[in-house]
Amino acid sequence: MKLEEKEIHLADLVLAKALWPYIRPYVWMLVCSTLLVFAGIFFELSIPLLIQKGLDGFILGSEGGGSATFLGFHMTEFKGFAVFFSLVIVAAFVIDFCQTLFMEYSGQKIILHLRCALFSHMTGLPVAYYDKNASGRLVARVAGDIENMNEMFTSVLVFIFKDLVLMAAIFVMLAMLNPGLAFYLFLLVPVILMSVTGFSRRVRNVFRTIRQKIGEINHSFSEGISGIRIIQTTGSKDTFVNRFRKLNEAHFTAAMFQIKIFAIFMPFIGFFGTISTAIILWAGSFKVMSHQMTIGELVAFLTYMKLFFRPLRELSEKFNLLQNALASAERIITVLEKPRDLQRITRKRTRLDTIDRLAFDHVDFSYDGETPVLKEICFDLQKGESIGIVGQTGSGKTSIINLITGFYRPDAGRILINNQAMDAINIMDIRKKTALVMQDPILFSGSIRNNICPPEKPLGGPALKKVLEQANCHFLYDRFKGPDTLLKEGGRPLSAGEKQLVCIARAFACDPDLIIFDEATSYMDSGSEQAVHEAMNRLMHGRLSIIIAHRLSTIRHCGHILLLRDGRIREQGSHQELVKAKGEYFHLLEKETL
């Protein structure tokens, strides 16, 4: 199977544009959070100034009867100053709490919207998309990638914005306190910006690799769990474990490369912080001794410097999460940009109330556009009639189902429904009037009732009981709790035959015009097969029916039989006609009866 794993490098503005529809409903909350950020920065930057006022006005100037003025408030007593200082700290705490609350709530709402939109979009993608993509990679997008986006919205974006604004405000405060000392710090800014830019570029590529490796690990794990019986019975545990280990080692290598980048970058920033502090202490001491600045101003300057390098270190950590989230956002957008097959669902197409006729008119089809799977397929099916399709594996039987249900389109020829081209009809109307009973019965976790009843047409107690009786589901009342029986993953605790009967009951509940059985009686004992055949015959009565089977006994009562080989119809006719012809069908029948 060709697995599609194409990573694209999107500009950050393109990412923002693609994510904007999911952010827009909650912009007002983000605006409130942003305003609170400015308020929080104001109170945070007030603390070093208050320390300076306290040192110069009360502690160092206490012998002369100290006082302090801040924002128009003139305080002559240290007790009043201490109360004011405490109120500023409490206000900073309250604002930080409210800002975090707003940010977390809006971030969770955005993620809720995005996760549901992603899943909704994926359920509308063509089946061909899932043929090219491993389920583990898709699970990684809905689970892991969305969770990384959660980190970005709840704890990265606003904090990065806050740190950047805080650093800019600190620059202003430093320049106001002492332009000469601030000049030494400004000289280091270009070096810091260059290091941050180079770091972010390298770490984004690393996170792309890490997310890709996680997708491969998820796929391998999902594949191993689903095939655990085969792994244990064939003794291939070591092979799968070694393959899983190699994938994890590749992920480990990428993760260690990321750690090495951070191991260089973080001490690099710390080194600049230490050098800057030493320079300011050396230069500031001369200014204090020459009475060009007070001790309080020097302490305030050093406090602002500490505040400056704190968000810088936090920015480097946040860039870790941001680059991870942006790499995940790229992967999510690649899915959201995949076109859905909406052109076949639009209301402008012909609506369909019933299906009375289905015809294939010289239909050709291939999955990749190169290797033909079906060639010149022709048949005509009227209401109340049934067609049986037989042939070896790979002859094209299932491909016919994929074309009827609209999962794929023919390369040539026409598919007619009620004498109209299928492409002109709303595909959802066709699917609502079609029931598919497959070889592997698919049942979802939950009650039998929820598995059977169509969402748009819930069945009451008597109607549901009648459907279960028509489908030979008496066992649900004998050994289980009827329609309220709860199923686990994979339809447990029902047997294969019982699960198939429940699937037939689901088809009854949909009241279809067209019913398709795809190897519906494979892997069953004779008792279960007989019960399924009886239910199938009831369901087929008065409807268009297509039965695909390996065993000829399953389709011998069909009005018309098609024998496929290499994508072509080699023989066709009733059971009696094909037996009399003594061709390929006759020889297959002889082999089956031996």
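Below, each value reflects all heavy atoms present in this structure, side chains not excepted, and no hydrogens, waters or symmetry copies.
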Without swapping roles, check the side chain of [X] against the backbone of [Y] for a donor-acceptor pair under 3.5 Å.
| X | Y | result |
| --- | --- | --- |
| K213 | E249 | no |
| D411 | S366 | yes |
| D96 | A92 | no |
| N451 | F444 | yes |

(request) Begin from the C-alpha positions of L114 and I23 and carry the test side chain to side chain contact (heavy atoms under 4.5 Å, CB included) through to its verdict. (result) CA-CA 9 Å; L114 182 60; I23 302 173; over 6 Å; no
Taking all heavy atoms of [X] and all of [Y], pick out the closest pair and write down the distance.
| X | Y | answer |
| --- | --- | --- |
| V437 | A507 | CG2-CB, 4.3 Å |
| S395 | L564 | CB-O, 3.6 Å |
| Y22 | A117 | CE2-CB, 3.4 Å |
| L403 | I415 | CB-CD1, 3.7 Å |
| M29 | S106 | CB-CB, 3.8 Å |
| P493 | L486 | CD-O, 4.2 Å |

Rounded to the nearest 0.5 Å, what's the gap from [atom1] on [X] to [atom2] on [Y]? Could you check?
| X | Y | atom1 | atom2 | answer |
| --- | --- | --- | --- | --- |
| M167 | I41 | CE | CD1 | 11.5 Å |
| D518 | I548 | CG | CD1 | 5.0 Å |
| N426 | K432 | CG | NZ | 8.0 Å |
| F38 | I95 | CZ | CD1 | 13.0 Å |
| F102 | L35 | CZ | CG | 10.0 Å |
| K109 | E104 | NZ | CD | 14.5 Å |

For residues [X] and [Y], determine if any side-chain heavy atom of one lies less than 4.5 Å from a side-chain heavy atom of the other.
| X | Y | value |
| --- | --- | --- |
| F407 | R431 | yes |
| I516 | M438 | no |
| I404 | I430 | no |

(message) With side chain to side chain contact (heavy atoms under 4.5 Å, CB included) as the criterion, how do V241 and R245 come out once you've worked through the C-alpha distance, each side chain's angles and the decisive distance to 0.1 Å?
(response) CA-CA 6 Å; V241 169; R245 182 182 292 111; 3.7 Å; yes
(request) Describe, in one word, how the ring planes of F97 and F93 are oriented to each other, choosing from parallel (under 30°), tilted (30 to 60°) and perpendicular (over 60°). (result)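 Geometry flag for F93 against F97: parallel rings.
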(message) Walk me through whether N402 and F365 qualify under side chain to side chain contact (heavy atoms under 4.5 Å, CB included).
(response) CA-CA 10 Å; N402 289 334; F365 172 68; 5.7 Å; no
(request) Give the C-alpha distance, both sets of side-chain angles, the deciding distance and a yes or no for side chain to side chain contact (heavy atoms under 4.5 Å, CB included) between N248 and F244. (result) CA-CA 6 Å; N248 278 273; F244 190 75; 3.1 Å; yes
(message) Counting only heavy atoms not in F257 (residues, nucleotides, ligands), do more than 12 fall under 6.0 Å from its CZ?
(response)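 Counting neighbours around CZ of F257, 12 or fewer heavy atoms of other residues, nucleotides or ligands fall under 6.0 Å, so no.
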